[in-house]
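Letters A, B, ... are given to chains in the order of the sequence lines, protein chains preceding strands, and every chain is numbered from 1. Here the structure is a predicted model, which is why all the values come from computation and not from measurement.
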Number of protein chains: 2
Amino acid sequence: MSIGPKQALFAEFAKVARALGHAHRLELLEFLAQGERSVEALSQRIGLSVANASQHLQQLRRAGLVGSRRDGKFVLYRLQDEAVVGLLTTLRIVAERNIAEVDRIVRGYFADRDCMEPVSREELLRRTRAGAVTVLDVRPPDEYALGHLPGAINIPLRQLEARLAELDPDQEIVAYCRGPYCVLSFEAVATLRGHGFKIRRLEEGLPEWRAAGLPVE
Amino acid sequence: MSIGPKQALFAEFAKVARALGHAHRLELLEFLAQGERSVEALSQRIGLSVANASQHLQQLRRAGLVGSRRDGKFVLYRLQDEAVVGLLTTLRIVAERNIAEVDRIVRGYFADRDCMEPVSREELLRRTRAGAVTVLDVRPPDEYALGHLPGAINIPLRQLEARLAELDPDQEIVAYCRGPYCVLSFEAVATLRGHGFKIRRLEEGLPEWRAAGLPVE
DNA sequence: ATATCATTCAAGCGAATAATTGATTATAGT
DNA sequence: ACTATAATCAATTATTCGCTTGAATGATAT
């Protein structure tokens, strides 16, 4: 049976989908969405051997999802295209709506730590224009350095309890991190609520903010 | 190493992505996007054994991408969610932008048959309001019956040459079919151009039209 | 009841995938 | 040139995937 051009195209699309078909690769993409990274940095963050991370990254590259360049003795990987963030977002939305297990995990872990509605991008924009809101980036400093929301202050989650003095207890805080299911901002909300702060989570993370064409510092 | 909730969620998202990771399943989804279908009808269209099609469909169902209901002795499958069309669209867009092979296939086959710009949904809406355009659905009659663009006439591709008399040679024609890479509308354009008709292709197919919230008859 | 048809299940086989290990290539610094 | 470091390649093993075959359900019609 000779296959037509449609089948050939679908086979290519399927390769891209398969590249998204592993939890480690999705996690690699989440980190790469923060900014470009060396293989070793990625492998450490995710807890993979360097060789394993390298092979996963090459699969992502073959699928056109990431690109790489050499800088000295490092090879830096990056997302190939802002549209990849959109693909991950729609994948997440479809899974949220139709997979019961996703709902179960979200209820079991995330809902506990943030019973309040998250803040949307639009709402945050309105509030920052009005002035009375502190934007808090709880990611590690290196990710903050690669780009962050305008005016955001950076206190990594681990240091949060020790640096409470830097936060104004009377002003509302909006915390964000890597993405919708990055645990950092959830933990930050739980921690700061425990200390009496008025804090909510931004619905999504920096990559989605950037992909929406909003300004990044 | 205990995995956190993020890893558990990514593992679920990866299952959805893997379900998209096979050309046959993408093709099944394209047909299901036209309307609900029995296992046998799908297996025939795609050229799979019934058992094989059934297993692919069950994988899609486990991934939350399709649903099914029994109607007499048939089991009818359908897309679970309009968002699935959006997921397929973003997958296609990412692949188009970043996979050289996709570009090669498109140039090799599709570009030949339609050297003109396709018509966007917005443009078609404007023209139909102005009145002077024939909308032509070249899908098989059963798919037309399950839903089609307002005012569209149905002439399946196979019958096109025999039914030229039904088309007004002075009015511009816009042809559409199942989706962006369905060959039907490309062939229709090539055929009708050969007979001197003014014809262009709609950029996308019926599923994307419906997913955009536009009216369907 | 029994026959028939659509679909699903279960078993089996070959191919592809994931992770580990150790060797190899490429670059920077001495 | 030599060494150290980052990344990739190559080989291995365990697992999963895709398809076929034949049997088993589930519903309808006679």
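By the 30° and 60° cut-offs, the orientation of the rings of B:H56 relative to B:H22 is tilted. The aromatic rings of A:F10 and A:F13 sit tilted relative to each other, their planes meeting at an angle between 30° and 60°.
Straight-line distance from the CG atom of B:L20 to the P atom of D:dG18: 12 Å, rounded to whole Å. As a whole-Å value, the separation of A:R62 CZ from C:dA16 C1' is 13 Å. We find that CD of A:Q44 is positioned 12 Å from C1' of D:dA6, with the value rounded to whole Å. In this entry the distance linking CG of A:D71 with C1' of C:dA28 reads 12 Å, nearest Å. For the pair A:Y77 OH and D:dA6 P, the computed distance is 15 Å after rounding to whole Å. Rounded to whole Å, the distance from CG on A:L76 to C1' on D:dA7 is 12 Å. One interatomic measurement links the two molecules: CG of B:L48 to P of D:dG18, which rounds to 12 Å at whole-angstrom precision. Atoms CD1 (B:I46) and C1' (D:dC19) sit 15 Å apart, rounded to a whole Å.
Residue B:H56 has no polar side-chain atom (N or O) positioned under 4.0 Å from OP1 or OP2 of D:dC17. For the pair A:Q59 and C:dA18, the criterion of a side-chain N or O lying under 4.0 Å from OP1 or OP2 is met. Taking side-chain N and O atoms only, A:N52 has no distance below 4.0 Å to OP1 or OP2 of C:dA18.
A pairwise comparison of heavy atoms in B:A63 and B:V16 identifies O-CG2, 3.7 Å as the closest pair. Pairing each heavy atom of A:L184 with each of A:C177, the nearest pair is CB-CB, 3.8 Å.
Between A:R25 atom CZ and A:L60 atom CG the span is 6.0 Å, to the nearest 0.5 Å.
A salt bridge links A:R45 with A:D142: at least one charged nitrogen is closer than 4.0 Å to a carboxylate oxygen.
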Enumerate all atom pairs, one protein N or O and one N or O from nucleotides 4-6 of chain C, separated by less than 3.5 Å.
unit_1, atom_1, unit_2, atom_2, d
C:dA6, OP1, B:E40, OE1, 3.3
C:dA6, O4', B:K73, O, 3.4

What protein N or O atoms touch nucleotides 9-13 of chain D N or O atoms at under 3.5 angstrom, if any, and at what distances?
unit_1, atom_1, unit_2, atom_2, d
D:dC9, OP2, A:Q58, OE1, 2.5

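Annotation: cation-pi pair B:R61/B:Y77 absent, no NZ/CZ under 6.0 Å from the ring centroid and within 45° of its normal.
Residues B:R37 and B:R78 have side chains not in contact (no heavy-atom distance under 4.5 Å, counting atoms from C-beta outward).
Comparing A:G21 and A:G72 along DNA chain C, the residue whose closest nucleotide (by nearest heavy atom) sits nearer the 5' end is A:G21.
By the ring-ring contact (aromatic ring centres under 6.0 Å, His included) test, A:F74 is found to be paired with no residue, residues two or more places apart in sequence or in another chain being considered.
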